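Okay, so here's the structure we're looking at.
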Amino acid sequence: MSETAESGVTSGGPGVLSDEARVLYRSIIGCGGRLPASDGTATDSAPLKELQEIGLLVPDTDDATLLIAVDPQRLSASLSAAWQRRALDLLTRAIALPSDLQELAEAFNTPEQVGGTIQYVRGKVLINQQLEQLVAGCATEILTAQPGGPRPPDALAGVIDRDLEALRRGVKLRLLYHPSTRYHAPSREFVAAITSGGARVRTLDDSYTRLIVIDRRTAVIPVAGDLNVAAFVHDEAVVNYLIDEVFERNWNRGLDFDGSNAVPQEVVSGLRQAIIDLLLKGTNHRVIARKLGISERTLARHIAEMREEHNVESLFQLGYVLARTSIDPPPAPDDLV
C-alpha cells in the first residue's frame with residue numbers, strides 16, 4: 001500500500017482534519033451515527049472523503065448502503081500504533097540508506113560514468129556540488145593546496161563540519177595554505193579546530209597551484225587559471241603525478257601551522273620582504289594588503305616595526321633606507337678588514 005493510500009493519511013496531512021470534516025462528523029453523530037452512502041448532501045464531498053480516508057466513517061457490514069461512524073478514541077489508539085510502526089520503519093530505512101547506496105555511488109563516480117578520464121565542470125555551484133559528493137564518499141585521504149589569501153569566514157564555516165566529519169571517519173586530511181592565513185583570526189580558528197581533530201596544516205610562501213586530491217583517485221584543478229572551470233581528473237597516472245611532483249614537493253617545503261598566534265620568523269621575514277618589494281614599487285597600502293592577503297592593520301603593524309628596526313620616523317625615510325639597502329647591500333665577510 002502506498003503512503004497516500006495508507007489508512008489514516010488524509011489530504012490535510014497525517015492525523016489532520018479540516019473544520020468541514022469535523023462539522024460533518026458531528027452532524028452524523030447527531031443523526032444516530034449513520035449516513036446513507038447515497039446522501040446527495042455529503043456523497044463525494046471533500047469532508048466525507050477525509051472522514052473515510054482517516055477511518056472515522058466505514059461501510060456498514062450488514063448494509064453497504066450505510067456509512068457508520070467509528071469511535072474516535074478506539075481509532076486513535078489503533079492509528080497511533082500503526083503510525084509509530086511506520087515511523088520506526090522509515091527511520092530504519094533512513095539509517096541504512098547510505099550503506100545500501102554506497103556501491104551505486106561508487107559506480108556513479110567512476111570515470112566511465114562521468115565522461116572519461118577528465119571531466120570539465122563549469123560554474124562554482126556545480127564545482128562545489130561535485131566536490132561535496134567526493135568528500136562525502138571519501139574513505140582514506142584528502143589533500144588540499146589553497147594558494148592566495150585567507151578564505152572568507154562564511155566559506156570556512158561552510159566546510160568545517162564537513163572536514164571534522166571526514167576526520168571522525170578516519171580520513172587523513174592535509175592542507176597547504178598561504179602564510180597570510182596566520183594573520184587571519186577566522187583562519188586560525190578553523191585550523192585549530194581541524195588540527196585538534198587530526199588534520200595537518202602547513203603554509204608555503206612560494207607560489208603553487210590550486211589542487212585537491214580525493215582518495216588518490218580524483219584530482220581537481222583549475223583550468224587555465226579560471227576558477228569558474230575545474231577539471232576533475234580520474235586518470236591514475238596523472239593523479240599520482242600531481243600528488244608526487246606537485247603536492248608533496250610543496251608540502252615538504254611548508255611550515256607546520258596549528259592555528260596558534262605564534263608566527264615563525266621565516267614567515268615574518270618573507271612577508272616583510274614582500275612588503276618592501278611592493279613599497280619600493282610605489283604600491284599603495286590598500287593594494288599591498290590585498291596582494292598579500294592581510295588586513296591593512298596588520299600591514300601597518302609590520303611597517304611600524306620595520307621603521308623601529310631601521311630607526312626612522314616616517315614612511316618616506318623608511319623607503320629611502322630600504323632603497324639604499326637594495327642599491328648598496330652590506331659588504332660580504334671577505335670585504336671586511
Side-chain angles (χ1 to χ4, degrees), residues 1-109 113 125-126 128-130 132-139 154 157-171 197:
M1 177 181 294
S2 67
E3 291 181 1
T4 57
E6 181 181 353
S7 176
V9 178
T10 71
S11 57
V16 177
L17 284 176
S18 67
D19 291 339
E20 292 80 0
R22 296 175 184 273
V23 169
L24 177 59
Y25 181 81
R26 290 191 180 95
S27 68
I28 295 172
I29 295 299
C31 296
R34 298 189 176 195
L35 177 70
S38 59
D39 189 339
T41 62
T43 303
D44 296 330
S45 68
L48 178 63
K49 290 182 178 179
E50 285 188 57
L51 296 176
Q52 290 178 296
E53 287 175 358
I54 202 170
L56 282 172
L57 283 181
V58 297
D60 190 340
T61 55
D62 297 327
D63 186 353
T65 64
L66 292 177
L67 294 174
I68 306 298
V70 173
D71 181 358
Q73 190 170 4
R74 294 177 56 188
L75 177 66
S76 173
S78 62
L79 282 184
S80 177
W83 288 355
Q84 288 183 49
R85 288 194 299 271
R86 178 65 172 165
L88 180 60
D89 177 62
L90 287 174
L91 179 60
T92 303
R93 291 169 61 188
I95 294 173
L97 186 62
S99 59
D100 285 348
L101 297 183
Q102 181 61 34
E103 182 180 354
L104 297 180
E106 293 175 357
F108 178 82
N109 288 295
Q113 296 298 320
V125 172
L126 293 179
N128 289 334
Q129 287 179 350
Q130 189 97 331
E132 289 293 335
Q133 290 179 357
L134 289 171
V135 172
C138 179
D154 56 343
V159 299
I160 187 169
D161 290 339
R162 180 200 68 185
D163 290 351
L164 290 175
E165 172 59 27
L167 290 167
R168 284 191 288 268
R169 296 199 311 267
V171 174

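When a residue number appears, it is its place in the shown sequence, counting from 1. Being a predicted model, the structure only gives us computed values, none of them experimental. Computed from heavy atoms alone, side chains included, the values below leave out hydrogens, waters and symmetry copies.
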Practice task
Give me the one residue out of T92, L91, L97 that meets side-chain contact (heavy atoms from CB on, under 4.5 Å) with I95.
Solution key: L91
Exercise for the section: Let me see the working for I28 and L67 under side chain to side chain contact (heavy atoms under 4.5 Å, CB included), right down to the final yes or no. Expected result: CA-CA 9 Å; I28 295 172; L67 294 174; over 6 Å; no
Practice task
Would you indicate whether the side-chain heavy atoms of Q130 and L126 approach each other to under 4.5 Å?
Solution key: no
Handout entry: Residues in side-chain hydrogen bond (donor to acceptor under 3.5 Å, both in side chains) contact with Q129, at least two apart in sequence or another chain
Key = none
Handout entry: side-chain contact (heavy atoms from CB on, under 4.5 Å) partners of R74, counting only residues at least two apart
Key = D71
Problem - Worked verdict on V135 versus V159 for side chain to side chain contact (heavy atoms under 4.5 Å, CB included) - result: CA-CA 10 Å; V135 172; V159 299; over 6 Å; no
Exercise for the section: Among residues two or more places apart or on two chains, list those pairs meeting side chain to side chain donor-acceptor pair (under 3.5 Å) that have a residue in residues 158-169. Expected result: E132-R162, E165-R168
Handout entry: Shortest non-hydrogen contact between L75 and S78, atoms and distance
Key = O-OG, 2.9 Å
Exercise for the section: Calculate, to the nearest 0.5 Å, the distance between atoms CD and CD belonging to Q52 and E50 respectively. Expected result: 11.0 Å
Problem - S76/L79 under side chain to side chain contact (heavy atoms under 4.5 Å, CB included): CA gap, chis, key distance, verdict - result: CA-CA 5 Å; S76 173; L79 282 184; over 6 Å; no
Problem - Pairwise distance CG(L51) to CG(L24) - rounded to 0.5 angstrom - result: 5.0 Å
Problem - Partners meeting side-chain contact (heavy atoms from CB on, under 4.5 Å) with P72 (sequence neighbours left out) - result: Y25, L56
Practice task
Heavy atoms only: give me the nearest I29-A69 pair and the separation to one decimal.
Solution key: CD1-CB, 3.7 Å
Handout entry: Atom pair CD (Q133) and CG (N128), whose distance is rounded to the nearest 0.5 Å
Key = 11.5 Å
Handout entry: Nearest non-hydrogen partners of R22 and L17, listed with the distance
Key = NE-O, 3.5 Å
Handout entry: Contact check, side chains of R93 and L90, non-hydrogen atoms, under 4.5 Å
Key = yes
Problem - Which residues share a side-chain hydrogen bond (donor to acceptor under 3.5 Å, both in side chains) with S27, sequence neighbours left out - result: none
Problem - Non-neighbouring partners of Q84 that pass side-chain hydrogen bond (donor to acceptor under 3.5 Å, both in side chains), sequence neighbours left out - result: S80
